[in-house]
2 protein chains.
Amino acid sequence: MANIHQVAKHAGVSVATVSRVLNGQDTVTPKTRIKVEAAIKQFNYEPSMLGRNLRNSESRLLLVLIPKISNPFYSEIINGIETTAIKNGYNIILCETDSKPERENIYFDLVRNKMTDGIISMDPAVNVESLTKLAESYSIIQCSEYVVDSGIPYVTIDNEEAAYKAVKHLLKIGHSKIALMNSDERYLYARQRELGYRKALKEQNIVVNEDWIYYTQELGFENGQQAMRKILMQDEKPTAVFAVSDLLAIGALKELNSRGLKVPEEMALIGFDKIEFSNMTQPTLTTVAQPMYKMGTVAANMLINKIKGEYVDNVILDHELVIRESTLG
Amino acid sequence: MANIHQVAKHAGVSVATVSRVLNGQDTVTPKTRIKVEAAIKQFNYEPSMLGRNLRNSESRLLLVLIPKISNPFYSEIINGIETTAIKNGYNIILCETDSKPERENIYFDLVRNKMTDGIISMDPAVNVESLTKLAESYSIIQCSEYVVDSGIPYVTIDNEEAAYKAVKHLLKIGHSKIALMNSDERYLYARQRELGYRKALKEQNIVVNEDWIYYTQELGFENGQQAMRKILMQDEKPTAVFAVSDLLAIGALKELNSRGLKVPEEMALIGFDKIEFSNMTQPTLTTVAQPMYKMGTVAANMLINKIKGEYVDNVILDHELVIRESTLG
DNA sequence: TATAAAGTTGAAAGCGGTTACATAATCGGA
DNA sequence: TCCGATTATGTAACCGCTTTCAACTTTATA
């Protein structure tokens, strides 16, 4: 493959001139520009990003750290990130951390090594100290999940309020025995949504039954199924369940369906995220919609601005309770 | 951030020696090695990949082109690719083509620009000529979907055989009026699976009813729903449907469920891919399992070998018909 | 002890671009 | 027509690393 020298030689100009043509600078005479462009075309020349990036000490790559690629919640965010990145001349390199610190650490090296210009982290709970230290020297944005008081900018929604509204809705349609199907407490969103759950109940002077709060290790269908199984084994059963993820809710629904329990009549159900699947279930799932795509675009823009050296503020996006069949009065 | 010169200066050695230590060469005296390592630690030095890659003219990045990130079928493949890449000291840069040639072309530049060392393409139908031309100069592997006779190595399954088996199963449990819910004919897998469908019917001397073959533009739930709606509008209705994707099948199932039609009693249903969600539906979905993760690892290994300059052969992986409730006799 | 062989280290040339600075070419006005 | 101002182009340093080759040390051998 040709390099800039060959093009320059063939066009009868210096490499500087070729570089100027390449970068669309206006200090080049139309005549020479045409000569250079002809040589470029003839050689089928493509400038090497490796050389350019080294000189400019930037990679034009954004590192996106995502806990689990199979969770549709994240795919939508990634979509938003990628589109925005491309629009700004960046590409994304996507890495799945599986919520494992050791894996995350490997990826952190990519920014230390100048392989990427910045990081969007969606699972910073993993490596709080490393991350905050890293953020002192590099551009980092937190998306959806974040470390409180870390000083690292984040974009997210008001999880407590969202959970509050969801439970409130259950109360409004007549439920008072409401279980919480939570994920792991190490996640901020889990703690925040639990707060919202407790707040809504407390407001109605309902004492929280601690036996009705379930924690799952991961966010998978099976975890939801299992949790629902446990709920159904209780002596006193709730009449409604608020799950902090559609994946859990769908698993729970599966369990209810296969036992022939009617939803919402015998058990109402609310999920979280509004992933596409949530509208394909029988019955369709009431859920809290997060603006996933938007969140991705915002995160990407924040990161790009941060890389430019601008000051970046936290962003709280709107959410919306989407009422569907699983909570029909 | 420190560079190799500062480290060298501080350690009282040349940059060459630091580089040798960095790359674990054995021609360095333990004494100097210790000096250098101390300096590295003291400066918190991390070698720049930009410099290293330029010198080595490699990027240690693999480009993965995927039509739609939200399709769980691809997420699993990506998983396999990423794990294998990491294991071999590569990272992946993931790009969604949305099956759009113009978008794909942008990404092709990444390899022309030396930004990535090779490509795994999952949607090569888009840009056949560009791709084959590109493959002359760069390392490319096709995964799942491929261009016949392009000479570009691929890993896939036997789609015709898989479809044949699926339809055969429907025949065996007594169906003879079987519709095909296909995706777009521009996809090879679509054509191959249709062949399998036709073959199975022909074998039983059943004349294919062309009105029972549906093509959808995209692979989404809505497309499946719509197709099923059309099927149900027919005067003579089939009693079973073979869909070439779980997403279509799930959409179709949704339509059947919401009309109160019993599956499999009034309409049997088979999907394709065995995405996780296919086991969450009511009833659960019979489907053809593809070894997605495996396919990803194989594709990544093939690409890495290709980059190394080795000869790489095509691979056909196994598939398996998973019989579940939607086709219970 | 002298000398060849083996083992360490350093100097410097790239890898492929960008850009500050110097120089050459062009232009306008007296 | 000539000269200074402006504009176009070239020269060369540099980005941060790897690696060849030469030079220098050490070790083994006679």
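Sequence lines set the chain letters: A, B, ... in the order given, protein chains first and strands last, and positions in each chain run from 1. Heavy-atom basis, side chains included; hydrogens, waters and symmetry copies ignored.
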Query raised in the report: Between B:Ala16 and A:Glu46, which has a closest nucleotide on DNA chain C that is more 5'?
Result: B:Ala16
Requested in this report: Between B:Met49 and A:Arg33, name the one whose nearest nucleotide on DNA chain D is closer to the 5' end.
Outcome: A:Arg33
Query - Under 4.0 angstrom between A:Ser19 side-chain N/O and C:dG17 OP1 or OP2 - result: no
Query raised in the report: Taking atom C1' of D:dG16 as reference, at what distance in whole Å does atom CD1 of B:Ile40 sit?
Result: 14 Å
Query raised in the report: Quick one: A:Asp26 CG to D:dT6 P, roughly how many Å, whole number?
Result: 16 Å
Requested in this report: May I have the distance from A:Arg60 (atom CZ) to D:dC15 (atom P), rounded to whole angstrom?
Outcome: 20 Å
Query raised in the report: Between B:His10 and B:Phe43, how do the two ring planes meet: parallel, tilted or perpendicular, split at 30° and 60°?
Result: perpendicular
Query raised in the report: Within a strict 4.5 Å, meaning less than it, do heavy atoms of the B:Ile86 and B:Asn91 side chains meet?
Result: yes
Query raised in the report: Any idea which heavy atoms bring A:Arg103 and A:Thr97 closest together, and the distance?
Result: CB-O, 3.8 Å
**Report entry** Side chains of A:Ser99 and A:Asp123, donor plus acceptor under 3.5 Å
**Finding:** yes
Query raised in the report: Nearest-Å distance, CD1 (A:Ile34) to C1' (D:dA8)?
Result: 15 Å
Query - Nucleotide D:dC17, atom C1' - distance to CZ of B:Phe43 in whole Å - result: 17 Å
Requested in this report: Establish, with yes or no, whether the OP1 or OP2 oxygen of D:dT18 is under 4.0 angstrom from a side-chain nitrogen or oxygen of B:Arg52.
Outcome: yes
Query raised in the report: When we call it a touch if two heavy atoms are under 4.0 Å apart, what does A:Leu54 touch: a base, just sugar-phosphate, or nothing?
Result: base
Query raised in the report: When the distance from CG of A:Leu50 to P of D:dC14 is rounded to whole Å, what number comes out?
Result: 22 Å
**Report entry** d(CZ, A:Arg20; C1', D:dT7) in whole Å
**Finding:** 11 Å
Query raised in the report: Roughly how many Å is it from CG in A:Asn23 to C1' in C:dA20, rounded to a whole number?
Result: 15 Å
Query raised in the report: For C:dC15, does OP1 or OP2 lie under 4.0 Å from any side-chain N or O of B:Asn53?
Result: no
Report summary line: Between the CG atom in A:Leu63 and the CE atom in A:Met115, the distance rounded to the nearest 0.5 Å is 10.5 Å
Query raised in the report: Are B:Tyr74 and A:Ser75 linked by a side-chain donor-acceptor pair shorter than 3.5 Å?
Result: no
Report task. Between B:Tyr45 and A:Thr27, just flag the one whose closest nucleotide in DNA chain D comes earlier from the 5' side. Result -> A:Thr27
Requested in this report: Report the residue (A:Asn3 or A:Gln25) whose heavy-atom-nearest nucleotide on DNA chain C is the more 5′ of the two.
Outcome: A:Asn3
Report task. Give a yes/no answer on whether the side chain of A:Ser14 brings an N or O atom under 4.0 Å of OP1 or OP2 in D:dT9. Result -> no
Requested in this report: Report yes if at least one side-chain N or O of A:Thr29 is closer than 4.0 Å to OP1 or OP2 of D:dT9; otherwise report no.
Outcome: yes
**Report entry** Side-chain donor/acceptor contact of B:Arg55 with base of C:dG16 under 3.5 Å
**Finding:** no
Query raised in the report: Where the side chain of B:Asn56 is concerned, which of C:dG10, D:dT19, D:dC17 is the nearest nucleotide?
Result: D:dT19
**Report entry** A:Thr32 side chain near D:dA8 phosphate (N/O to OP1/OP2, under 4.0 Å)
**Finding:** no
Requested in this report: Would you mind classifying the nucleic acid contact of A:Val18 as base, sugar-phosphate or nothing, using non-hydrogen atoms under 4.0 angstrom?
Outcome: nothing
